[in-house]
Amino acid sequence: MLLSKYIKTNTLIHLLLIVASVLRLYNLFDLQYTYDELSAVDRLRFDSFGELIRKGVMIDAHPALVQVWMYYYSLIFGTTEWLMKLQFIFMGIASVYLIYTIGKRWFSETTGLLAATVLTCAQYFVFYSVTARPYVSGLFLCLFVLKYWLEILFNDSAKLKHYVWFAVFAALAALNHHFSMMFAALCGLLGLFFLTKTNLKNYLVVCVGTVVLYAPHFPILIAQLKIGGIGAANGGWLNPPENDFIIQFIFYLFHYSWLFLIACIGVIVFAYFSAEKNNTSLKNKIRALLFSLFALSFLIGFFYSLKVNPVIQFSTLIFATPCLLLFIASFAGEFSLKLKWASVVLLLGIGMSTLVFKRHYYQLVFNQSFDTYIKTTDELIKEKGNENVYALYKGEPWFLNFYKEKYGSSARFEVIENEAKTINDYKTIYDTLSAKYLVLGDFNPSQLLQASNYFPYVHKKIVGYGFELYVLSKEPSKENLEVEKFNRLQLDFKNPSSLFNINKDLVVSNNEETYYRIDSLNEYPISFKIKNSELHCHEGQSLVAEIKYQSDSIIKGLLSSSQDALKQNIHFTASDFSAFYQPSQKTQTAYVSVYVDVKFNNPDNELTLFVWNNNKEKFRITGFSVYTWDNNPYRYGLLSDIK
């Protein structure tokens, strides 16, 4: 009877744990490292603990705990992807059970089940569970902090173990990530408002104890603060958040699916009005704390990122997001068993289907850049022969060599770090390259179009999260790069659009051709100017300017792009005409591309694409156009909406 009762009352959480395991362990042995993970694995290659701290932790933006743990873990189990990720996967699965127990303990089983259901199937938690970085580990630790903290504050019979475990997990959370440290600190501070005479002394002691446990890490923290952060203004890569950051985060949490979001809210609203209410004074206090923990985590991160240095990302809110889920789900009254089943199955069905078919999660997570680069090149070598294949990849040499060693690859390739090569450098490579197939990893449109002068056909194209891989070929086929060009705006020399600025007196037209005559008096003969927002581009796309011209010899002019805001230049780039020169062609073509980043569409931004005849040379322009290059809808697919 006891076993039967246990099974009956716990079947749903067991179901959630099974589903959580399946979603995270699916294709376990084919999991690949992300760029962020490879960076961490690269920083494990040290011979001593001291060297690890100096060269692997102090130079990073994260506390030491996860890096040190991975270091000793790798000494035993190595750095094979699935083995390194497995420990994080287990923490992700355990977090489902932890949020369930917290919700059930302080509100109702329905609250615990609803919160656990979202944690089970939301991409946010599934993805970071298979990512060997300090996110799901922080989620796991912060849930333990929350569990024991609530016991201390609201359990009149709280025991010594609750205080001890709170101190231990708070210290571990502080050592895991700076945002999980903030979460633990907020718990400590907010708890001061709910203390009684009986627990005041013990609470203060454990808070001091937590600081003492963290104290050896202070020198590392100070060293990391001196680095200056990861903000773009300080030479990093992270931009300040947009004003709609929290709205986008909520949509991301629910798979950018109105159906998933409305279903979750609908179930809770139905439970609120149809079941017994959860509105005691104690529960309202806990609700206030849960909401405050999430709200303060967001607001501090958001305004610090705006006023001081960008730090907030979707990933940094993972430690406090369970508080938001518990807060929302806490308003659900206790359902009957049948309604619990119906609610969980409904939300699981919507969550998993949108995870797979709307978010394309598995397609993206098993298609990471560096692994794909080497595997694709190896497959091509087997088909076409090593002597006929050459590859150029953008990235870090060690990352590519990791996968070259893993697969025993014989691929010939060069890795370009931090755009170290100019477009003229690439021309030098192509002029002497004898291979019939060229593999290009994460090249921008103008670089791809330059390569297509030598390898005009597309043999294969693979796109994924954060990268595009092209295999270009000299062997004729039906595929080429023309399919990537959209929304072309073509200059009509006889009747030019107001967006184009030309001198009509230089237009020559006869029965055979129309062209634009340029001589030494025309330093800036042609331009295209428009407000960025009027182009209706979105992040991840590129804009390409293309010029066709004729000359009696190689010319040194520049096809240029300038972005300005409030009369100040914010970005300039240019391509040398000479880098695209083909002696066998009567009409030459040159390109310059502009990447559409998150700030591209700011209302003050204005784009100018123009020819700079800086050497005052003579030539004839036969065509000028601007178009959108939209070759990868998945570039930000694990974080942003897929458009």
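Just so it is clear, the model here is predicted, and its values are computed rather than measured.
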Y636 and D641: CA distance, side-chain angles, deciding distance, side chain to side chain donor-acceptor pair (under 3.5 Å) verdict
CA-CA 8 Å; Y636 300 103; D641 194 10; over 6 Å; no
When you measure from the side chain of T80 to the backbone N and O of L83, does any donor-acceptor pair fall under 3.5 Å?
no
Before giving the answer on salt bridge (charged side-chain N to carboxylate O under 4.0 Å, His left out), spell out for K394 and E417 the whole-Å C-alpha distance, their side-chain angles and the decisive distance to 0.1 Å.
CA-CA 6 Å; K394 291 186 182 179; E417 292 185 84; over 6 Å; no
For the pair E468 and R635, find out whether any cationic side-chain nitrogen is under 4.0 Å from an anionic carboxylate oxygen.
yes
Would you indicate whether the side-chain heavy atoms of V126 and Y361 approach each other to under 4.5 Å?
yes
Carboxylate-amine/guanidinium proximity below 4.0 Å for K384 and E475:
no
Indicate whether any N or O donor in one side chain lies under 3.5 Å from an N or O acceptor in the other, for Q368 and Y465.
no
Is the Lys NZ or Arg CZ of K474 less than 6.0 Å from the centre of Y454's six-membered ring, within 45° of the axis?
no
Between F467 and Y373, does the ring centre distance come in under 6.0 Å?
yes
Can you check side-chain contact (heavy atoms from CB on, under 4.5 Å) on L221 and Y214, steps first, answer last?
CA-CA 10 Å; L221 175 63; Y214 179 84; 3.6 Å; yes
To the nearest 0.5 angstrom, please state how far the CG atom of L543 sits from the OH atom of Y595.
12.0 Å
Indicate the atoms forming the closest heavy-atom contact of S21 with I93, along with that distance.
OG-CD1, 3.5 Å
Distance-only side-chain donor-acceptor flag, Y393 / T377, under 3.5 Å:
yes
So, N444 versus S542: side-chain donor-acceptor pair below 3.5 Å or not?
no
Going through the distances and angles, do T589 and K548 end up as a side chain to side chain donor-acceptor pair (under 3.5 Å)?
CA-CA 5 Å; T589 308; K548 292 185 178 295; 3.1 Å; yes
From F127, F249, F179, residue fulfilling ring-ring contact (aromatic ring centres under 6.0 Å, His included) relative to F314:
F249
Under the 3.5 angstrom rule, does the side chain of S180 hit a backbone N or O of A173 as a donor-acceptor pair?
yes
Looking at E479 and K461, is there a salt bridge between them, counting it only when a charged N and a carboxylate O are closer than 4.0 Å?
no
If you define the side chain from C-beta out and look only at heavy atoms, does anything of H217 sit under 4.5 Å from P63?
yes
Has S305 got a side-chain atom pairing as donor or acceptor with V311's backbone, closer than 3.5 angstrom?
yes
List the steps and the verdict of side-chain contact (heavy atoms from CB on, under 4.5 Å) for M70 and L65.
CA-CA 9 Å; M70 289 175 65; L65 178 65; over 6 Å; no
Are any non-hydrogen side-chain atoms of I53 and M58 less than 4.5 angstrom apart?
yes
Verify the distance criterion only: is there a donor paired with an acceptor across the side chains of D36 and S39 at less than 3.5 Å?
no
Do we see a donor-acceptor contact under 3.5 Å between the side chains of Q563 and N605?
no
So, applying ring-ring contact (aromatic ring centres under 6.0 Å, His included) with F144, which one of F169, Y97, F319 is it?
F169
Are Y470 and E484 close enough that a side-chain donor and a side-chain acceptor fall under 3.5 Å?
yes
So, do S578 and N424 sit near enough that their side-chain heavy atoms are less than 4.5 Å apart?
yes
Heavy-atom side-chain proximity of K421 to Q447 below 4.5 angstrom
no
Would one find more than 12 heavy atoms of other residues, nucleotides or ligands at under 6.0 Å from atom CZ of F572?
yes
Between Q541 (side chain only) and H538 (backbone N and O only), is there a donor and an acceptor less than 3.5 Å apart?
yes
Any salt bridge linking K382 with E379? Criterion: basic side-chain nitrogen under 4.0 Å from a carboxylate oxygen.
no
Considering residues, nucleotides and ligands other than K556, do more than 12 of their heavy atoms fall under 6.0 Å from its NZ?
no
Test item: Q224 side-chain N/O and V57 main-chain N/O as donor-acceptor pair under 3.5 Å
yes
Within 6.0 angstrom of Y26 OH, more than 12 heavy atoms from elsewhere
no
Please test F443 against Q450 for side-chain contact (heavy atoms from CB on, under 4.5 Å), starting from the C-alpha separation and ending with a verdict.
CA-CA 10 Å; F443 274 47; Q450 180 198 33; over 6 Å; no
Can a donor-acceptor pair be found, under 3.5 Å and without considering hydrogens, that links the side chain of Y362 to the backbone of L23?
yes
Report the distance from atom CG of L472 to atom CG of L448, rounding to the nearest 0.5 Å.
6.5 Å
Where is the tightest heavy-atom contact between S575 and Y591, given as atom of each residue plus distance?
OG-O, 2.8 Å
Side chains of Y581 and D576: donor-acceptor distance under 3.5 Å anywhere?
no
Go through Y35 and E396 one step at a time and tell me if the side-chain contact (heavy atoms from CB on, under 4.5 Å) criterion holds.
CA-CA 9 Å; Y35 188 101; E396 306 285 341; 3.0 Å; yes
Side chains of H255 and T354: donor-acceptor distance under 3.5 Å anywhere?
yes
So which atom in S409 and which in D378 form the shortest heavy-atom distance, rounded to 0.1 Å?
OG-OD1, 2.6 Å
Does any part of the side chain of V458, heavy atoms only, come nearer than 4.5 Å to the side chain of V471, both counted from C-beta?
no
For E405, does the CD atom sit with more than 12 other heavy atoms under 6.0 Å from it, leaving out its own atoms?
no
Does Q67 use its side chain to pair, donor to acceptor, with the backbone of R43 at less than 3.5 Å?
yes
Aromatic ring proximity, centroids under 6.0 angstrom, Y33 and F399:
no
What heavy-atom pair brings L559 and A590 nearest, and what distance separates the two atoms?
CD2-O, 3.6 Å
Is there a side-chain contact between T376 and L469 in this structure, where contact means two heavy atoms from C-beta onward sitting under 4.5 Å apart?
yes
Hey, could you give me the OH/OH distance between Y430 and Y390, rounded to the nearest 0.5 Å?
10.0 Å
Let's go through T316 and Q313 carefully: what are the C-alpha distance in whole Å and the side-chain angles of both, what is the deciding distance for side chain to side chain donor-acceptor pair (under 3.5 Å) to 0.1 Å, and is it a yes or a no?
CA-CA 5 Å; T316 58; Q313 305 169 68; 5.9 Å; no
May I ask you to decide if V389's main-chain N or O and K436's side chain share a donor-acceptor pair within less than 3.5 Å?
no
Taking every heavy atom of M352 against every heavy atom of C121, the minimum-distance pair comes out as CG-CB, 4.1 Å
Side-chain (Q32) to main-chain (F366) donor-acceptor, under 3.5 angstrom
yes
Can you name the nearest heavy-atom pair linking C537 to N601, along with the distance?
O-ND2, 2.7 Å
Any side-chain to backbone donor/acceptor pair from N632 onto G464? Under 3.5 Å, distance only.
yes
Check ion pair E387-R412 (N to O, under 4.0 angstrom):
no
Validation row: L317, Y124 side chains within 4.5 angstrom (heavy atoms)
yes
